[in-house]
A.B. asks: 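Here it is, the structure, as structure tokens.
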Amino acid sequence: MMDQNKLVIALTKGRILEEVLPLLQKAGVVPAEDIHKSRKLIFDSNIEDVQIMVIRGSDVPTYVELGSADIGITGKDILMEVGSDSYYEPLDLKLATCRLMTAAPVDQTITPKRLRVASKFVNIAKNYFSEQGRQVDIIKLNGALELAPIIGLADCIVDIVDTGNTLMANGLEPREHIADVSTRVIVNKASMKMKHDKIQSLLELLAAAVAENG
Ligand code: AMP
């Protein structure tokens with residue numbers, strides 16, 4: 001049975017957390033202790049009945065979908081990869097912006113009929129190339145994607161690009177733009193009904209903080 005008073009917010013650890021905490025603070029929610037100095041995974045906050053979970057971005061949609069968290073904050077890349085419509089996505093926080101792109105070795109023309117694409121975003125890669133009617137073999141990797149084209153495991157990669165420095169350092173260049181990525185708020189569908197006022201007022205405060213950020 002859902003506790004109607006409690007509101008659990010699932011945050012993505014790492015880069016997104018650094019940018020989201022100041023925004024949450026502007027919206028009036030502050031963790032009761034320093035998240036960075038603790039190995040805890042769930043924190044109380046300055047507001048009674050509001051708790052903050054800090055987890056991997058790829059787990060945020062799962063927690064929200066299953067109702068273990070009412071609200072989740074994670075990257076659009078992760079939401080695109082999961083591709084679920086079992087939660088609402090009411091707000092773009094416009095933080096941790098980056099792009100999903102294909103990348104390949106500098107100046108190398110990609111010729112094979114059937115492209116080998118390495119990515120951790122296998123669904124995004126699959127959808128992107130199939131929408132274009134291009135035949136590809138997707139190779140799932142969990143990190144250090146830039147290595148794959150260098151050692152000939154793949155012809156190109158699908159990855160997140162911010163400054164492009166990581167690609168450049170590995171002799172790769174961005175090629176095709178797949179999507180713009182930023183940090184989004186997702187909400188469990190049942191929570192949106194059962195805890196509507198609480199969630200709506202938090203969303204409004206967050207939206208105001210986003211507007212203030214410009
Ligand atoms: P850059 O060298 O600035 O292009 O950054 C590229 C790497 O940083 C990528 O391979 C990602 O792993 C990571 N990265 C950059 N921006 C983000 C972001 N907004 N969210 C998650 N990872 C990111």
Side-chain angles (χ1 to χ4, degrees), residues 1-100 120 160 162-163 179-214:
M1 187 64 194
M2 192 181 263
D3 181 345
Q4 265 185 264
N5 292 316
K6 208 164 89 175
L7 201 66
V8 179
I9 306 172
L11 302 183
T12 296
K13 65 179 170 192
R15 182 185 310 236
I16 288 179
L17 182 67
E18 303 311 319
E19 298 196 28
V20 163
L21 283 177
L23 199 77
L24 267 181
Q25 185 169 3
K26 280 188 187 168
V29 182
V30 182
E33 59 188 290
D34 188 345
I35 287 181
H36 301 101
K37 290 194 179 136
S38 173
R39 309 198 81 170
K40 274 194 200 171
L41 301 169
I42 187 152
F43 298 85
D44 288 329
S45 77
N46 60 322
I47 303 173
E48 208 191 336
D49 293 328
V50 174
Q51 286 186 313
I52 296 170
M53 268 169 33
V54 181
I55 56 179
R56 282 178 74 110
S58 50
D59 289 333
V60 168
T62 310
Y63 276 80
V64 172
E65 181 170 344
L66 299 176
S68 305
D70 303 290
I71 293 177
I73 296 184
T74 194
K76 182 67 180 173
D77 52 332
I78 286 165
L79 300 176
M80 283 174 70
E81 179 63 18
V82 172
S84 170
D85 60 0
S86 60
Y87 38 74
Y88 298 118
E89 189 195 312
L91 186 62
D92 182 351
L93 297 181
K94 301 188 177 149
L95 299 175
T97 52
C98 54
R99 288 152 290 148
L100 268 163
K120 58 183 171 190
I160 280 173
D162 182 10
T163 61
D180 287 323
V181 170
S182 58
T183 306
R184 308 296 169 98
V185 178
I186 57 172
V187 178
N188 174 272
K189 286 189 172 174
S191 303
M192 194 64 128
K193 282 203 195 81
M194 316 254 293
K195 308 178 183 182
H196 184 266
D197 292 354
K198 267 191 174 164
I199 291 175
Q200 200 52 43
S201 66
L202 180 60
L203 288 174
E204 278 166 23
L205 289 167
L206 282 171
V210 172
E212 205 180 297
N213 275 354

A.B. asks: For L21 and P31, which heavy atoms make the closest approach, and how far apart are they?
C.D. replies: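 So the two residues come closest at CD2-CG, 4.0 Å.
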A.B. asks: Looking at L206, L202, V64, which hits side chain to side chain contact (heavy atoms under 4.5 Å, CB included) with I71?
C.D. replies: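 Filter result, single survivor: L202.
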A.B. asks: For T97 and S182, indicate whether the former's side chain and the latter's backbone hold a donor-acceptor pair under 3.5 Å.
C.D. replies: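 Not a single qualifying donor-acceptor pair exists.
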A.B. asks: Closest approach of C98 and I160, non-hydrogen atoms and distance?
C.D. replies: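 Closest heavy-atom pair between C98 and I160: SG-CG2, 3.6 Å.
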A.B. asks: Strictly distance-based, threshold 3.5 Å: is any side-chain N or O of K189 a donor or acceptor partner for the main-chain N or O of D85?
C.D. replies: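 Flag set: sc K189 to bb D85 pair under 3.5 Å.
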A.B. asks: Write down the atom of V187, the atom of P90, and the distance for their closest heavy-atom approach.
C.D. replies: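 Heavy atoms of V187 and P90 come nearest at CG2-CG, 3.8 Å.
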A.B. asks: Measuring from E204:CD to L91:CG, what's the distance to the nearest 0.5 Å?
C.D. replies: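 The CG atom of L91 is 10.5 Å from CD of E204, to the nearest 0.5 Å.
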A.B. asks: Evaluate side chain to side chain contact (heavy atoms under 4.5 Å, CB included) for I16 paired with L95, printing each intermediate quantity in order.
C.D. replies: CA-CA 7 Å; I16 288 179; L95 299 175; over 6 Å; no
A.B. asks: For atom NZ of K94, decide whether the heavy atoms of other residues, nucleotides or ligands shown that lie under 6.0 angstrom number more than 12.
C.D. replies: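 Open.
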A.B. asks: Assess the residue pair R184 and D92 against the criterion (salt bridge (charged side-chain N to carboxylate O under 4.0 Å, His left out)); give the C-alpha distance rounded to whole Å, side-chain angles, the decisive distance to 0.1 Å, and a yes or no.
C.D. replies: CA-CA 5 Å; R184 308 296 169 98; D92 182 351; 3.5 Å; yes
A.B. asks: Stepwise, does the side chain to side chain contact (heavy atoms under 4.5 Å, CB included) test hold for L100 with M80?
C.D. replies: CA-CA 10 Å; L100 268 163; M80 283 174 70; 4.1 Å; yes
A.B. asks: Verify, without hydrogens or angle tests, whether N46 (side chain) and V30 (backbone) share a donor-acceptor contact under 3.5 angstrom.
C.D. replies: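 A pair under 3.5 Å: yes.
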A.B. asks: Are the side chains of I55 and V60 in contact, using a 4.5 Å heavy-atom criterion?
C.D. replies: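 Yes; the side chains approach each other to less than 4.5 Å.
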A.B. asks: Is there a side-chain contact between E19 and T183, using heavy atoms and a 4.5 Å cut-off?
C.D. replies: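 No. Closest side-chain heavy atoms not under 4.5 Å.
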A.B. asks: May I ask you to check whether over 12 heavy atoms, not counting those of Y63, lie within 6.0 Å of atom OH?
C.D. replies: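 No, the 6.0 Å shell around OH holds no more than 12 heavy atoms from other groups.
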A.B. asks: Is the shortest heavy-atom distance from the side chain of Q51 to the side chain of I9 under 4.5 Å?
C.D. replies: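 No, every pair of side-chain atoms sits at 4.5 Å or beyond.
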A.B. asks: Before you tell me yes or no, could you show the steps for V82 and Y87 under side chain to side chain contact (heavy atoms under 4.5 Å, CB included), namely the whole-Å CA-CA distance, both residues' side-chain angles and the distance that decides it to 0.1 Å?
C.D. replies: CA-CA 11 Å; V82 172; Y87 38 74; 3.8 Å; yes
A.B. asks: A quick test of your reading: do over 12 heavy atoms of other residues, nucleotides or ligands sit less than 6.0 Å from NZ of K6?
C.D. replies: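 It does not: K6 NZ has 12 such atoms or fewer within range.
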A.B. asks: Once rounded to the nearest 0.5 Å, what's the spacing between atom NE2 of H36 and atom CG of L17?
C.D. replies: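 Those atoms lie 5.0 Å apart.
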A.B. asks: Show the nearest heavy-atom pair for residues N5 and D49, with the distance to one decimal.
C.D. replies: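 Of all heavy-atom pairs spanning N5 and D49, the closest is O-CB, 3.3 Å.
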A.B. asks: Any donor and acceptor pair, going by atom type alone, linking the side chain of S38 with main-chain N or O of I35 inside 3.5 Å?
C.D. replies: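 Absent.
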A.B. asks: Which pair of heavy atoms, one from I52 and one from S45, lies closest together, and at what distance?
C.D. replies: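 What the structure gives for the nearest pair is CD1-CB, 4.3 Å.
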A.B. asks: Step by step, work out the salt bridge (charged side-chain N to carboxylate O under 4.0 Å, His left out) result for K76 and E89.
C.D. replies: CA-CA 10 Å; K76 182 67 180 173; E89 189 195 312; 3.0 Å; yes
A.B. asks: Provide the closest heavy-atom pair for I186 versus P61 in the form atom of the first, atom of the second, distance.
C.D. replies: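 Minimum heavy-atom separation between I186 and P61: CD1-CA, 3.9 Å.
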A.B. asks: Can a side-chain donor-acceptor contact be found between E65 and N188 if the only test is distance below 3.5 angstrom?
C.D. replies: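 Side chains of N188 and E65: no pair found under 3.5 Å.
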A.B. asks: Could you tell me whether Q200 atom CD has more than 12 heavy atoms of other residues or ligands within 6.0 Å of it?
C.D. replies: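 Enclosed.
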